[in-house]
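Structure record follows, encoded as structure tokens.
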Amino acid sequence: MSIFNAGPPSPVDGRGIVTLVEAGTFCLSDQLGDIHPGSAQGLFYRDTRLLARWELRLDGHPPEHLSVMMAEAFRARFVTRKPPNQGVADATVLVSRRRMIGEGMRETITVHNLGDEDTAMTVTLIADSDFADLFAVKEGRVHSGSCELATAEGTLRLTDRNDSGRGLVVIASGDPAAQPGSLSWRIVVPRHSSWQTVVLCQPIIGHHAVTVNLDDDSDDNPSNKIRQWRATATSLTASGAGLNAILQRTESDLGALRMDDPGGGTAYVAAGAPWFMALFGRDSLLTSWMALVLDSDLALGTLRQLAKLQGTQSNPLTEEEPGRIMHEMRHGPGGDAVLGGSVYYGTADATPLFVMLLAECWRWGVDPAAIRDLLPAADAALAWIDTYGDSDGDGFVEYRRKTDRGLANQGWKDSWDAISFADGHLADPPLALCEVQGYVYAARQGRADLAEAFGDVDTARRLREQAAELKQRFGQAFWIPGAGRYALALDGAKQQVDTVTSNPGHCLWTGIVDDEHAAALIERLGGADMDSGFGLRTLSSTARRFNPMGYHTGSVWPHDTAIVVAGLLRYRHIPGALELAERLAGGLLEAIAEFDARPPELFCGFPRTEFRSPIPYPTSCSPQAWSSAAPLLLMRSFLGLVPDVPHRTLTVAPRLPDRAGRVRLADLRLGTATVTIEAQGTTISVEGLPDDWQLIQA
């Protein structure tokens, strides 16, 4: 996913890690709420770790864990107890830590005395920081001793010794005794009563204190922000067992992953926690596409942010090129050293995905004026595809990194060993991935639709001709005769990379697959070597490099399976497509339910016949944006939901599996129209569609 340590992320230490996330802030702790030094835990803000230690002690000892409750992705309640005295069976002191993050962190610590006698104790909070960059934490390159600790009138101040202008102020109620590195309270809690303190952590960036937005009455309080967002987003519910919980978790997580435009514009989506709380080209674009059924404004905000950062010059270090859409943006102190700048452009697919999403936003009723404003960015993206993207002029977009610091692989499977032949040897660049050609095909078709809508008939005709030519050449160059599949890629010598992978399933989604090839491809994707029982593997179990615990070499990625399911349902007229879509989607949803309704970034690709439950991938991000959005794409695909707001049509073709039960989309915004859709099986009803619209039931 990212250039830094390209491939799987470093583990977040230990089991039972609790992740809180809200826009550019996230917090990793254990189930007590403690953050331990020497680990990857911490409070992170704008890609910098502001707290590397945060431990609660009762009379010098940690409390005992009872429970963790998370009402939203950005807040949690840690319920613990003070261990009973020696020789006493039951504890009488209950300790609750209510934590909320946003522009900083607020923690309310409450000590409940449930006993019949007053109790005295010392409550201590220990704090420290290293102000480490996210890259350094992830790669284990953190050095201690960079934090200067000071106190003033019951306030603890942490400052970066490296004069980065970063720091943290810890302010607490209850008149604590402050020492460098700790705040402590000597308290007496009457019987059947309680004591409480509120602790506020305020970031300092560039020597200036950040305005904390955690007051209950603040308009930009995280709770109020997500409440306001829900008031405008589609309400999604389902009666099927477990599915409703998945949809509600999806809504909560995507709400927490929304990033506010610093310029006051429309919010956009970050890639995921803990390591990718930033704008990512491919991830943010695909997430926005999947989430259109929930909120089209998220897609518009993402497009606007990416257009602002679109390449304008050639820079080998960052791989920026005119018209290219960026891969990753970072704010931390180490971004320049790792990325060559705060923005890195090394991706082959974000640029066509940008044009695809713009056209899809137009179909979903985004303001035509906003679409028109983004047309120059779309045209610059297409120009990049035709020139820099197709560097050898063979008609296909390929990639080769510009320096030894860039990503070796620049598709969504971006780990170093992701692109190999069936016998295991790695493919040599430049590499033309099959799914990238599908994205280019769909981008040209989408931009042609936009050109036609805005009266540019010549451009529409030219782009459709280019798309048709690409589809024909793609079939000739990528199809492996007798194998029933497309090549994963063409290598630098234009040889077909013959490994069986999930990538050609994305080609179904984009429509570049001819019907004559679709049936064989669908049958091949449904083989036992690809279908784990919990979703589609990234790599066939028959391949030499197959590893069910490999990042891109045999694992299951929920977004990948969801895109393939959407592709299968696009070709539902082909025998076997609908059955395979139902099987893959059913297995994936059952796996997500096992992860407490929150789909992880990926999980291991062991066969379901070997393990009855999906095996977690130890360093998987969660929540992760495109995984969180995957259930939305599944729902949209099984509903056969295809709006065309400019032409005032709504196509529906429900094929909902029995396990989904009754699905309801309330207050779905389609341009100026707001509709409610209810469906079960193959029946559907639509309310609120304007009289001059046409409902097409397929």
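Sequential numbering from 1 along the given sequence is applied to the chain's residues.
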| When you look at H559 and D283, which way does the side-chain hydrogen bond (donor to acceptor under 3.5 Å, both in side chains) test go after all the steps? | CA-CA 10 Å; H559 90 281; D283 300 59; over 6 Å; no
| task | Decide yes or no for E398 and S391: does some side-chain heavy atom of the first lie under 4.5 Å from some side-chain heavy atom of the second? | result | yes
| query | Do C361 and L292 come within less than 4.5 Å of each other through their side chains, counting heavy atoms only? | reply | yes
| Going through the distances and angles, do F611 and F606 end up as a ring pair (Phe, Tyr, Trp, His ring centres under 6.0 Å)? | CA-CA 7 Å; F611 296 102; F606 292 104; 5.2 Å; yes
| Nearest heavy atoms of S284 and T302, plus distance in Å | CB-CG2, 3.7 Å
| field | Partner set under ring pair (Phe, Tyr, Trp, His ring centres under 6.0 Å) for F421, not counting sequence neighbours | value | H425
| task | Without swapping roles, check the side chain of T351 against the backbone of A381 for a donor-acceptor pair under 3.5 Å. | result | no
| Hey, do the aromatic rings of W626 and W289 have their centres closer than 6.0 Å? | no
| How about V564 and W509: do any of their side-chain heavy atoms sit closer than 4.5 Å? | no
| query | Do V137 and F44 have side-chain heavy atoms sitting under 4.5 Å apart? | reply | yes
| said: Distance check, rounded to the nearest 0.5 Å: C507 atom SG versus K471 atom NZ? | reply: 11.5 Å
| task | Return the set of residues passing side chain to side chain donor-acceptor pair (under 3.5 Å) with D428 (not counting sequence neighbours), or none when no residue passes. | result | none
| field | Contact summary for T250 and S628, nearest pair of heavy atoms | value | OG1-O, 2.8 Å
Without placing hydrogens or testing angles, list every side-chain donor-acceptor pair under 3.5 Å for residues 241-249, not counting sequence neighbours.
residue: N244; atom: OD1; partner: A238; partner atom: N; Å: 2.9
residue: Q248; atom: NE2; partner: L236; partner atom: O; Å: 2.7

| task | May I ask you to test the V500-L488 pair for a side-chain heavy-atom distance under 4.5 Å? | result | no
| said: Quick check: closest heavy atoms across S502 and W412, and the distance to 0.1 Å? | reply: OG-CZ2, 4.3 Å
Could you list the donor-acceptor pairs under 3.5 angstrom formed by side chains in residues 514-522, with sequence neighbours left out?
residue: D515; atom: OD1; partner: H573; partner atom: NE2; Å: 3.3
residue: D515; atom: OD2; partner: H573; partner atom: NE2; Å: 3.1
residue: H517; atom: ND1; partner: Y486; partner atom: OH; Å: 3.3

| message | According to salt bridge (Lys or Arg N to Asp or Glu O under 4.0 Å), who are the partners of R544, at least two apart in sequence or on a separate chain? | response | none
| message | Within this structure, what is the CG-CG distance for the pair L279 and L306, rounded to the nearest 0.5 Å? | response | 4.5 Å
| request: State, to 0.1 Å, how close F638 and P657 come at their nearest heavy-atom pair, and which atoms those are. | output: CD2-CD, 3.8 Å
| query | Nearest 0.5 Å, what's the CZ-CD distance between R444 and Q466? | reply | 4.5 Å
| message | Would you say Q437 and Y441 are linked by a side-chain donor-acceptor pair, where the criterion is simply a distance under 3.5 Å? | response | no
| task | Check the pair L490 / V497 against side-chain contact (heavy atoms from CB on, under 4.5 Å), numbers first and verdict last. | result | CA-CA 6 Å; L490 301 181; V497 181; over 6 Å; no
| task | Only counting residues at least two apart or in another chain, list the ones meeting side chain to side chain donor-acceptor pair (under 3.5 Å) with Q410. | result | E319, R324
| query | Does a side-chain heavy-atom distance below 4.5 Å link L285 with L303? | reply | yes
| Point-to-point distance, once rounded to the nearest 0.5 Å, from CG of L286 to CG of L357 | 9.0 Å
| message | Checking F478 now: which residues fulfil ring pair (Phe, Tyr, Trp, His ring centres under 6.0 Å) with it, not counting sequence neighbours? | response | F396, F474
| request: State whether a side-chain donor-acceptor pair under 3.5 Å links T347 with R282. | output: yes
| Working for side-chain contact (heavy atoms from CB on, under 4.5 Å), residues W384 and D386 | CA-CA 5 Å; W384 177 87; D386 292 338; over 6 Å; no
| message | Pairing donors with acceptors under 3.5 angstrom, does anything connect the side chains of Y399 and N409? | response | yes
| query | For K402, what residues pass the side chain to side chain donor-acceptor pair (under 3.5 Å) criterion, not counting sequence neighbours? | reply | E321
| said: Using the ring centroid of each side chain, check whether W557 and Y551 are separated by less than 6.0 Å. | reply: yes
| Student check: side-chain heavy atoms of V436 and H506 closer than 4.5 Å | no
| Donor-acceptor pair, D491 side chain versus A493 backbone, under 3.5 Å? | yes
| For A443 and P352, which heavy atoms make the closest approach, and how far apart are they? | CB-O, 3.5 Å
| request: Please name the pair of heavy atoms, one in R545 and one in S420, separated by the smallest distance, quoted to 0.1 Å. | output: CD-OG, 3.5 Å
| field | Separation of I325 CD1 from F354 CZ (nearest 0.5 Å) | value | 4.5 Å
| task | Kindly state each residue pair satisfying side chain to side chain donor-acceptor pair (under 3.5 Å) with at least one member in residues 562-572, sequence neighbours excluded. | result | none
| request: Output all residues satisfying ring pair (Phe, Tyr, Trp, His ring centres under 6.0 Å) with F534, sequence neighbours left out; order by chain, then residue number. | output: none
| query | Taking atom OG1 of T318 and atom NE2 of H327, what is their separation to the nearest 0.5 Å? | reply | 13.0 Å
| query | Are H552 and T538 close enough that a side-chain donor and a side-chain acceptor fall under 3.5 Å? | reply | no
| query | For D423, does the CG atom sit with more than 12 other heavy atoms under 6.0 Å from it, leaving out its own atoms? | reply | yes
| note | Contacts of R447 meeting salt bridge (Lys or Arg N to Asp or Glu O under 4.0 Å) (sequence neighbours excluded), chain-then-number -> D379
| request: Please step through side-chain contact (heavy atoms from CB on, under 4.5 Å) for the pair E328 and V343, ending with a clear verdict. | output: CA-CA 6 Å; E328 172 180 2; V343 183; over 6 Å; no
When the side chains of residues 574-593 are checked against the rest of the protein, which donor-acceptor pairs come out under 3.5 Å, sequence neighbours left out?
residue: E579; atom: OE1; partner: G576; partner atom: N; Å: 3.4
residue: R583; atom: NE; partner: D531; partner atom: OD2; Å: 2.8
residue: R583; atom: NH2; partner: G526; partner atom: O; Å: 2.8
residue: R583; atom: NH2; partner: D531; partner atom: OD2; Å: 3.4
residue: E590; atom: OE1; partner: R608; partner atom: NH1; Å: 2.7
residue: E590; atom: OE1; partner: R608; partner atom: NH2; Å: 2.4
residue: E590; atom: OE2; partner: R659; partner atom: NH1; Å: 2.3
residue: E590; atom: OE2; partner: R659; partner atom: NH2; Å: 3.3

| field | 4.5 Å side-chain heavy-atom contact, L20 and M70 | value | yes
| Reference residue S540; test side-chain hydrogen bond (donor to acceptor under 3.5 Å, both in side chains); the match among D529, T501, T499 | D529
| said: For a side-chain contact (heavy atoms from CB on, under 4.5 Å) check, start with the C-alpha distance between M356 and Y439, then their side-chain angles and the critical distance, and finish with the verdict. | reply: CA-CA 7 Å; M356 283 178 63; Y439 302 156; 3.9 Å; yes
| task | Say whether, by atom type as modelled, one donor and one acceptor occur between the side chain of N315 and the main chain of E320 under 3.5 angstrom. | result | no
